[in-house]
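Remarks on the structure that follows.
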Amino acid sequence: MSKDIARERIARRIAHELQDGMVVNLGIGLPTWVANFLPSGSEVLLQSENGFVGLGPAPLPGQEDPDVTNAGGQPVTIVPGGACFDSAMSFAIIRGGHVDVTVLGALEVDEEGNLANWMVPGKMVPGMGGAMDLTVGARRVIVAMEHTAKGKPKILKKCTLPLTARQQVDLIVTELAVIEVTPQGLVLKEIAPDTTVAEVVAQTEATLIINSIKIMEV
Amino acid sequence: MSKDIARERIARRIAHELQDGMVVNLGIGLPTWVANFLPSGSEVLLQSENGFVGLGPAPLPGQEDPDVTNAGGQPVTIVPGGACFDSAMSFAIIRGGHVDVTVLGALEVDEEGNLANWMVPGKMVPGMGGAMDLTVGARRVIVAMEHTAKGKPKILKKCTLPLTARQQVDLIVTELAVIEVTPQGLVLKEIAPDTTVAEVVAQTEATLIINSIKIMEV
Amino acid sequence: MIKKLRTPSEALAEMPSGATVMIGGFLGVGTPETLIEEMLRKDTKDLTLIGNDTGFPDRGIGRLIVAKRAKKVLASHVGTNPETGRQMHAGETEVVLVPQGTLAEQVRAGGAGLGGVLTPTGVGTIVEEGKQKITVNGREFLLEVALQADYALIKAHKADELGNLVYRRATRNFNPLMAMAAKTVVAEVEEIVPVGELDPDEIITPGLFVTYLVKRGRKDE
Amino acid sequence: MIKKLRTPSEALAEMPSGATVMIGGFLGVGTPETLIEEMLRKDTKDLTLIGNDTGFPDRGIGRLIVAKRAKKVLASHVGTNPETGRQMHAGETEVVLVPQGTLAEQVRAGGAGLGGVLTPTGVGTIVEEGKQKITVNGREFLLEVALQADYALIKAHKADELGNLVYRRATRNFNPLMAMAAKTVVAEVEEIVPVGELDPDEIITPGLFVTYLVKRGRKDE
């Protein structure tokens, strides 16, 4: 499966988790794609941690406003009813539990719902930006990531990289599976139509609890 | 001396301490009078802890705006260039050292610069309102009060009432004297033209350090 | 669009006795009087009320005190309502006096997901009793913990239909802070305008904090 | 009226080497580029810079990093400026990475006279190293202490002559917070209007925080 098809599938599946009236923060990269798969007329309210709520689609070429960018620095728009604020208010919204769902990428996730996505010691240290606050503060944390990296599992028994947050992940969506984090461990809820439970288990280092399984809508 | 003349004298003297560009918070009661004695064209900026800076004079009768009141609930005005904010910002300004001078009334002040002005146990417990934050946060704390209460000294060796703040008072102005609080104790700086050093000392329980003394401008 | 407009009785229908309720305003300026009216009409009691002050006997939070609806009150000042002092001294109502700036930060912290803040205010006074003292860079601070509530009843000037709020002049005070710190937030407003009419830069309280809108002066049929 | 308008070189004339400088902006959006230009022109060095991020090599705070003016940087993100990472790994510049919401609260606390705040962010991660952990109502928080600076260089949209500021859209970010937390606050603005033209309700940063105003794009003769 091409990377783009995998990513589109993940974003499309996560869009089903978002309902009208929810306040949602989409991380940079793959999570941003989720917005493209919301039904038209959707009333999901997107929060942009650089300082506003009511994040709208990219502007038409030539209509960019340099003062209106998303947390990745790209030109965006603000929908009618949007509101701007400073960084203290932005993170009061995030940390204070006023964001219903955050969708974040990950380098590693583990059986306890631990998440690592901000540094690889000695290699890549971009900084956590808003990710630690989002993971701790949002009511529901959905990880959007490809199931493996260069063939190696990313869903582990225990994260090896420095954590972004401890025990905060609620749901993991990959191109192969939808996995829920529960106090008992990781529960495999859905698998993609073009895979098998055995393949998902093979590509996952963590133990998966398997009861009833649905086929993922892709 | 009548109460009103005493109070006018105190207010008038304190007005000399305030310079253009200073941010000043005047407490309820006597301290409020200080504004009446600022020179015309004064650029002292008055902060009102209920939520704005640029406190102006009382409106003309019939021109009251119910949304524009001071911290005592009286109708006031906002001068051009004034700005409104919430209570967190109001006290960020106060606690954060952005108020140059606060003028507060007192029940008792003592040699260490301790102040008591918010309760008399078992009798009067109105609450501290903003007084504790103002006393701790303002760069300079001026106490405006009559020298005695029913003939009993209010400037004491040690406060007997519950404190508003510890060691925060910088200057005490009464109808009889101007007294500076220093690490060495209370220094008598000025006396009123119609009193004597002996009389001030007699009406003060605290020890006064006396070097050179000026006559208070009244 | 998810409709937020309610009548006062609809907005407060589920408020139980024993609830913790934050109420905006400063000596009644910026207090949601229509919502207080509705609370008086209902038989909700044993409330814990959090507000800057207890207003006057006939205005603001004071009306709830006079009607003996509070078992506990947190406020910075109760001097303008003698009935609060009477109930406090008679042991009928528990009154906790909190420095105004501390109360503002405690409410803000509750809304912002902070556990509390360190303030120098109250050090060396009876306010420090029972509180943890923490020294930072050689200076003593009191740890004041976050406050949250079941309800925040606030007053704004204008709302749009999404609940975005703007305030006018000195009525802002505790209202935007309380809007962040409660499970159910009911905003009483003078005027409701269509979505898009408020500029994103002028909105003080984003609509995501607001559960219901009630028009000031609105009576239930 | 006390005049606040200055040229860039007048506004920063007294900034010494070794100063702690907060700079507003988010990936260069809302960063005072004219003031950064002036810092590059001066030979100020060994600075401690505090900002959300280090921008890009040719934009925002990043230009000061490339010019090696910082001995220490506090930021939430440095990924868009590879030079920051290089200096960090080479041990040339000390880089302290701070969660964005924590940094916002630390700056705000510095401005608000608080000693610090308790945040749940970073608990159980390397961010907690060396910090005090405090339990409130059974939940663990990190004590994050207040930050203050010698200078805050901020960017606003409009100012009046008293220094009252309004911001536009996503340029607000850290600017109003930093305006509270420094001894000298220099605001770079697009436009300066007469006193009274801004409505008191629309002002975000009251002029009392602002030491000097500099017109964006203004060059010294």
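Numbered from 1 within each chain, the chains take letters A, B, ... in sequence-line order.
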Q: Kindly give the heavy-atom pair with the smallest separation between P120(D) and G113(C), and that separation in Å.
A: CD-O, 3.2 Å
Q | Residue N137(C) excluded, over 12 heavy atoms near CG under 6.0 Å | A | no
Q. Is the number of heavy atoms from other residues, nucleotides or ligands within 6.0 Å of NZ (K71(C)) greater than 12?
A. yes
Pairwise distance [atom1]([X]) to [atom2]([Y]) - rounded to 0.5 angstrom:
| X | Y | atom1 | atom2 | result |
| --- | --- | --- | --- | --- |
| Q132(C) | I134(D) | CD | CD1 | 5.0 Å |
| L114(D) | E105(C) | CG | CD | 4.5 Å |
| D201(C) | R172(D) | CG | CZ | 6.0 Å |

Q. Quick one: what part of R168(D) sits under 4.5 Å from any heavy atom of chain C, side chain, backbone, both or neither?
A. both
Q. Under a 4.5 Å heavy-atom cut-off, does chain C meet the side chain of V136(D), its backbone, both or neither?
A. side chain
Q: Answer whether the closest heavy-atom distance between the side chains of V145(C) and L118(D) falls below 4.5 Å.
A: no
Q) Do I204(D) and E202(C) touch side chain to side chain, with heavy atoms closer than 4.5 Å? A) no
Q. Do R169(D) and D199(C) pass the side chain to side chain contact (heavy atoms under 4.5 Å, CB included) test, and can you show the C-alpha distance, the side-chain angles, and the key distance before you say yes or no?
A. CA-CA 10 Å; R169(D) 305 301 188 242; D199(C) 187 279; 2.9 Å; yes
Q: Look at the side chain of R139(C) and the backbone N and O of G115(D), then say whether any donor-acceptor pair between them is shorter than 3.5 Å.
A: no
